[in-house]
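Below you'll find the structure, written out as structure tokens, and then a few comments.
Numbering starts at 1 and runs along the sequence shown. As a basis for the values below, the full set of heavy atoms in this structure was taken, side chains included, without hydrogen atoms, waters or symmetry mates.
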Amino acid sequence: MAMLKNYGACLKDSTLQFPRPNCGDINKRRNAKWKSAQAAVIPNFHLPMRSFEVKNRTSVDDIKSLRLITAIKTPYLPDGRFDLEAYDALVNMQIVDGAEGVIVGGTTGEGQLMSWDEHIMLIGHTVNCFGGSIKVIGNTGSNSTWEAIHATEQGFAVGMHAALHINPYYGKTSLEGLVAHFESVLPMGPTIIYNVPSRTGQDIPPGVIHTVAQSANLAGVKECVGNDRIKQYTDNRIVAWSGNDDECHNARWDYGATGVISVTSNLIPGLMRQLLFKGKNPSLNAKIMPLVNWLFEEPNPIGLNTALAQLGVVRPVFRLPYVPLPLAKRVEFVNIVKEIGRENFVGEKDVKVLDDDDFILVGRY
């Protein structure tokens, strides 16, 4: 108590001294010409990668050589949480049937419906369970550069082999902004740039890709504009993957694409591998085309989610706003499976039509 009293006395006795303004200084400031502040230059730094971490990471050349990459589906439990048991089975089917890489949390995997905690967890889980057997490419892109940087740091920290980066969507940006965005994430590790104007509202023109290709970490481009664009890249020794399953056969054998980042391979990975590894095969390409066309009649991943549920390899659970295809389309899928052969599809259960009441739509999860 004595100490507290003494401290109070000190406060009473002390006089707070505030500096008095100098009138001359005030007049100088009033008469001075105003100048705009210069923007602070913030260095583009990211999580440091120590020497032993760099040695254990996948090389860019390893990513460039991948021919069949599956944009893997994310299955759900009835309450909307991840069904990791079904997910592991799906990834294992891809490995057994010859896929070389998986995109985790892409458009097909519904990364747009995940929190970043879920997203990074799923990337880490995939690396932990399957990273020795298949290349894990995490979709860590965003329309916010800050988010893209942060997610990519986390993705590489949990062990992903490469990152997939889309251009900033909705808000869009200038061509200079596109370059600056990609150059902010490229230093972190092997990177695939994803161009899909139908979803982003903005094309990534070849000039942007040629500029950022100066980075040694650019593995290549997932290109959805078409095979003529792919040839522009392959003619200039820039690796390209087709982002369109209906064009991937010709992209691979006639336009120089390394391969495909595929939705359809979720369902028929063995046939897709044959299409991309065994030389030109127009008859096989024609055989699977009814399935490909069916899958994309509604925006992806609506068709895929419906198909995998009908095959019995995932629960018929949809995170909204996705809803299953209507009954007539579900009947059509059963006929497509019979035509191609059930043995060519993932899973072992008989394909079913499923009733409307079989599906669970989850808005909160």
Side-chain angles (χ1 to χ4, degrees), residues 46-72 87-88 90-106 108-109 111 119-142 148-166 182-194 209 212-223 233-234 237-243 252 257-262 265 269 272-273 276-277:
H46 46 82
L47 289 177
M49 293 297 170
R50 292 161 180 80
S51 59
F52 69 89
E53 292 172 322
V54 172
K55 288 176 186 175
N56 290 335
R57 301 226 346 243
T58 297
S59 72
V60 177
D61 286 341
D62 287 339
I63 302 301
K64 288 180 177 181
S65 68
L66 303 178
R67 285 166 284 185
L68 178 57
I69 303 170
T70 298
I72 195 74
Y87 177 81
D88 290 352
L90 282 175
V91 176
N92 190 60
M93 291 173 199
Q94 296 298 316
I95 293 170
V96 168
D97 284 342
E100 298 171 301
V102 287
I103 303 289
V104 179
T108 305
H119 208 136
I120 300 302
M121 180 278 284
L122 191 60
I123 293 171
H125 171 81
T126 310
V127 171
N128 185 51
C129 294
F130 304 104
S133 303
I134 199 166
K135 297 303 180 189
V136 179
I137 302 161
N139 169 36
T140 54
S142 173
I149 292 171
H150 185 62
T152 304
E153 287 175 339
Q154 291 186 320
F156 279 121
V158 299
M160 70 182 184
H161 300 115
L164 179 74
H165 279 283
I166 202 164
F182 292 130
E183 287 183 343
S184 296
V185 293
L186 275 164
M188 297 179 207
T191 300
I192 297 172
I193 290 177
Y194 178 20
I209 298 299
V212 300
Q214 297 173 32
S215 168
N217 280 334
L218 181 68
V221 184
K222 177 186 177 183
E223 183 57 72
Y233 294 134
T234 58
R237 299 183 179 179
I238 294 174
V239 170
W241 292 269
S242 176
R252 170 83 172 102
T258 297
V260 65
I261 297 178
S262 175
S265 57
M272 292 300 294
R273 180 182 172 90
L276 294 161
F277 280 68

Closest approach of [X] and [Y], non-hydrogen atoms and distance?
X: A240; Y: T234; answer: CB-CG2, 4.3 Å
X: P269; Y: D97; answer: CG-OD2, 3.4 Å
X: W241; Y: A219; answer: CH2-O, 4.0 Å

Interatomic spacing from [atom1] in [X] to [atom2] in [Y] - rounded to 0.5 Å:
X: L68; Y: R252; atom1: CG; atom2: CZ; result: 11.0 Å
X: I137; Y: L164; atom1: CD1; atom2: CG; result: 7.5 Å
X: D62; Y: K64; atom1: CG; atom2: NZ; result: 11.0 Å
X: H165; Y: T152; atom1: NE2; atom2: OG1; result: 3.0 Å
X: M93; Y: I72; atom1: CE; atom2: CD1; result: 9.5 Å

Review point. Which of these passes side chain to side chain contact (heavy atoms under 4.5 Å, CB included) with I192: V239, L66, L218, I63?
Key: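 Answer to the side chain to side chain contact (heavy atoms under 4.5 Å, CB included) test with I192 among V239, L66, L218, I63: I63.
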
Review point. With L122, which of V127, V104, V136, V158 fulfils side chain to side chain contact (heavy atoms under 4.5 Å, CB included)?
Key: V104

Review point. Please walk me through it: do M188 and E153 pass side chain to side chain contact (heavy atoms under 4.5 Å, CB included)?
Key: CA-CA 7 Å; M188 297 179 207; E153 287 175 339; 3.8 Å; yes

Exercise for review: Check step by step if side chain to side chain contact (heavy atoms under 4.5 Å, CB included) holds for I69 and E100.
Suggested key: CA-CA 6 Å; I69 303 170; E100 298 171 301; 5.7 Å; no

Quick one, [X] and [Y] - any side-chain contact, counting heavy atoms below 4.5 Å?
X: V91; Y: C129; result: no
X: Q94; Y: F130; result: no
X: Q154; Y: H119; result: no
X: E183; Y: S215; result: no
X: T258; Y: R67; result: yes
X: F156; Y: T140; result: no

**Study point:** Under the side chain to side chain donor-acceptor pair (under 3.5 Å) test, residues paired with S242 that sit two or more places apart
**Key:** none

Review point. So M160 and T126, side chain to side chain contact (heavy atoms under 4.5 Å, CB included) or not? Walk me through it.
Key: CA-CA 8 Å; M160 70 182 184; T126 310; over 6 Å; no

